[in-house]
Amino acid sequence: MAEKQMDELKQIFPMKLRQVMEKITWDVAELEEIRIRIGQPVQFITAGDYFYVDPIHSRKTESAEAGIRLFAEDLQEMMTYLCEYSRYAYAKQLRQGYLTLPGGIRVGVCGQYMAEGTHLAMEYPMFFSIRIPHEKKGCANWVVPWLFEKERFLHTLILAAPGVGKTTCLRDILRLLSNRVNCRGIALLDERYEVAAVNFGVPQNDVGMHTDVYSGYEKEAASMQAIRTMAPQVLALDEIGGEKDLQNIAYAMRCGIGVLATMHAGSVSEYWEKRSMQPWMAECAFLRLLWMEKEADGRRMLTIYNEMGDVLCTKHLV
């Protein structure tokens with residue numbers, strides 16, 4: 001995590017939390033997530049550990065009981081900062097359960113919803129999951145050669161449980177593919193701003209020199225528009241799973257477009273079971289499966305499978 005990202009984070013924190021964090025010196029590079037729940041200790045999560053912040057002694061602590069707690073007035077203050085004093089302007093994102101900040105920081109939000117016309121509006125947001133993206137350039141250097149057959153890109157699906165690093169891996173593979181000399185173009189469907197972290201139309205993360213980015217656009221509509229108007233060699237998508245997603249991916253494959261995507265899964269066997277039970281998944285002929293898992297020390301292990309489920313390579317991401 002960059003110092004710039006921490007500065008951006010502090011701007012959205014209520015003063016009660018901000019004042020404590022200003023007094024603490026610590027390495028923020030490995031911070032991955034911050035969990036805020038009304039009346040409960042604020043939890044800071046790193047790659048292989050977690051901690052709390054002691055407001056009395058202004059220090060990190062492993063004790064949840066000593067951790068700073070935020071209450072309704074603090075969280076209302078935080079929402080004011082998050083929405084830049086205009087919650088109405090962010091109503092659409094809030095209905096989807098998240099807000100995106102400059103630098104790609106994503107804030108998941110939940111709480112009590114109320115009917116507002118034909119929609120549900122979040123009346124009392126009291127639970128927050130702040131996810132901090134990390135650019136780890138070069139982490140997938142050794143992976144990319146396994147994704148080609150001569151010069152043909154093999155449809156690739158990255159599988160992992162939530163929070164393991166699928167998006168980070170996707171981003172670096174995308175960057176490396178896009179910077180290849182013979183790359184004509186890649187279409188990135190970044191519906192939730194997590195991959196390119198676009199701000200006012202400009203990607204804040206490096207997704208390569210030949211990548212065209214669709215941000216804040218539903219994948220279903222964006223995929224068809226990309227295929228018809230941008231003629232990409234590769235279509236890149238994060239967190240697929242719905243029937244429509246997979247039908248559009250199958251269509252892209254039939255059009256001769258390579259596909260690079262991620263999907264939540266508890267295991268590789270879980271993916272194969274779903275594939276055997278759901279015909280529309282079987283239509284997506286992924287030729288490479290990348291299974292990611294996090295070890296106790298926080299390092300990510302990646303295993304590459306072919307379309308038959310045979311292991312081709314197992315190695316740590318850099």
Side-chain angles (χ1 to χ4, degrees), residues 136-160 165-190 195-196 206-214 219-220 222-241 245-263 265 268 271-272 274-276 279-292 302-315 317-318:
K136 295 187 177 179
K137 291 187 179 182
C139 72
N141 280 344
W142 67 268
V143 178
V144 170
W146 289 94
L147 310 184
F148 281 85
E149 187 176 81
K150 295 183 179 179
E151 288 301 310
R152 180 172 75 102
F153 176 74
L154 303 174
H155 306 307
T156 299
L157 180 63
I158 305 170
L159 299 166
K166 295 185 299 299
T167 302
T168 299
C169 183
L170 171 73
R171 185 185 299 115
D172 201 50
I173 292 174
L174 171 63
R175 180 185 64 84
L176 293 166
L177 294 179
S178 182
N179 288 341
R180 285 169 61 90
V181 173
N182 60 352
C183 180
R184 184 179 70 246
I186 295 176
L188 168 61
L189 313 186
D190 194 11
V195 184
D206 185 356
V207 290
M209 67 176 73
H210 298 119
T211 300
D212 305 309
V213 184
Y214 290 78
K219 289 193 288 290
E220 180 183 346
S223 62
M224 299 307 294
Q225 182 168 326
I227 291 168
R228 291 167 179 167
T229 64
M230 299 305 288
Q233 286 178 299
V234 175
L235 195 67
L237 314 87
D238 198 16
E239 297 188 5
I240 64 171
D245 286 346
L246 292 159
Q247 287 175 344
N248 289 336
I249 287 171
Y251 176 75
M253 290 176 174
R254 291 195 296 271
C255 292
I257 297 169
V259 174
L260 171 65
T262 72
M263 177 186 285
V268 176
Y271 165 77
W272 285 111
K274 288 181 180 178
R275 184 182 168 95
S276 66
W280 37 272
M281 282 189 72
E283 292 179 14
C284 297
F286 287 105
L287 302 176
R288 290 289 184 267
L289 298 178
L290 310 186
W291 166 248
M292 292 180 63
L302 188 145
T303 302
I304 303 177
Y305 296 83
N306 65 13
E307 70 275 21
M308 303 301 294
D310 302 319
V311 175
L312 302 179
C313 182
T314 299
K315 192 174 178 181
L317 284 175
V318 178

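Distance CD1/Ile249 to CG/Leu237: 5.0 Å, rounded to 0.5 Å. Note that the NZ atom of Lys315 and the OG1 atom of Thr303 stand 12.5 Å from one another [nearest 0.5 Å]. To the nearest 0.5 Å, atom CE of residue Met230 and atom CG of residue Leu188 are 12.0 Å apart. Interatomic distance, Leu189 CG to Glu220 CD, rounded to the nearest 0.5 Å: 12.0 Å. Atom OG1 in Thr168 sits 11.0 Å away from atom CD1 in Ile173 (nearest 0.5 Å). The line from OG1 of Thr262 to CG of Leu170 is 6.0 Å long, rounded to the nearest 0.5 Å.
Side chain of Asp172 to main chain of Gly138: a donor-acceptor pair is present (N/O by atom type, distance under 3.5 Å, no hydrogens or angles). A donor-acceptor pair is defined here as one N or O able to donate and one able to accept, closer than 3.5 Å; no such pair exists between the side chain of Asp245 and the backbone of Ile240. Distance alone, capped at 3.5 Å, is enough to place a donor-acceptor pair between the Asp190 side chain and the Ala196 backbone. Judged by distance alone, with hydrogens and angles left aside, the side-chain atoms of Ser178 form a donor-acceptor pair with the main-chain N or O of Met209 at under 3.5 Å.
Trp146 meets the side-chain contact (heavy atoms from CB on, under 4.5 Å) test with Trp142, Ile304, Leu312, Cys313; sequence neighbours excluded. Judged as a salt bridge (Lys or Arg N to Asp or Glu O under 4.0 Å), and not counting sequence neighbours, Lys136 has no contacts.
Between Glu283 and Leu246 the shortest side-chain heavy-atom distance does not fall below 4.5 Å. Taking the side chain as every heavy atom from C-beta outward, Tyr214 and Lys219 never approach each other to under 4.5 Å. Between Leu290 and Leu147 there is a side-chain heavy-atom pair separated by less than 4.5 Å. Using a 4.5 Å heavy-atom cutoff, the side chains of Cys183 and Gln233 are in contact. With a 4.5 Å cut-off on side-chain heavy atoms, Ile158 and Leu302 do not count as touching. For the pair Tyr271/Met263, a side-chain contact is recorded, criterion being any heavy-atom separation below 4.5 Å from C-beta on.
The side-chain hydrogen bond (donor to acceptor under 3.5 Å, both in side chains) test with Asp206 is passed by exactly one of Arg171, Lys137, Arg175: Lys137. Each of Val268, Leu287, Leu159, Leu157 was evaluated against Tyr305; a single residue qualifies, Val268, per the side chain to side chain contact (heavy atoms under 4.5 Å, CB included) test.
Considering all non-hydrogen atoms of both residues, Ile257 and Pro232 come closest at CG1-O, 3.6 Å. Closest non-hydrogen pair, Ala160 versus Met292, comes out as CB-O, 3.5 Å. Between Trp272 and Asn306, the closest heavy-atom pair is CZ2-O, 4.5 Å.
Here Glu151 pairs with Arg180 in a salt bridge; the nearest charged N to carboxylate O distance falls below 4.0 Å.
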Checklist entry - Going through the distances and angles, do Val143 and Leu317 end up as a side chain to side chain contact (heavy atoms under 4.5 Å, CB included)? => result CA-CA 9 Å; Val143 178; Leu317 284 175; 4.1 Å; yes
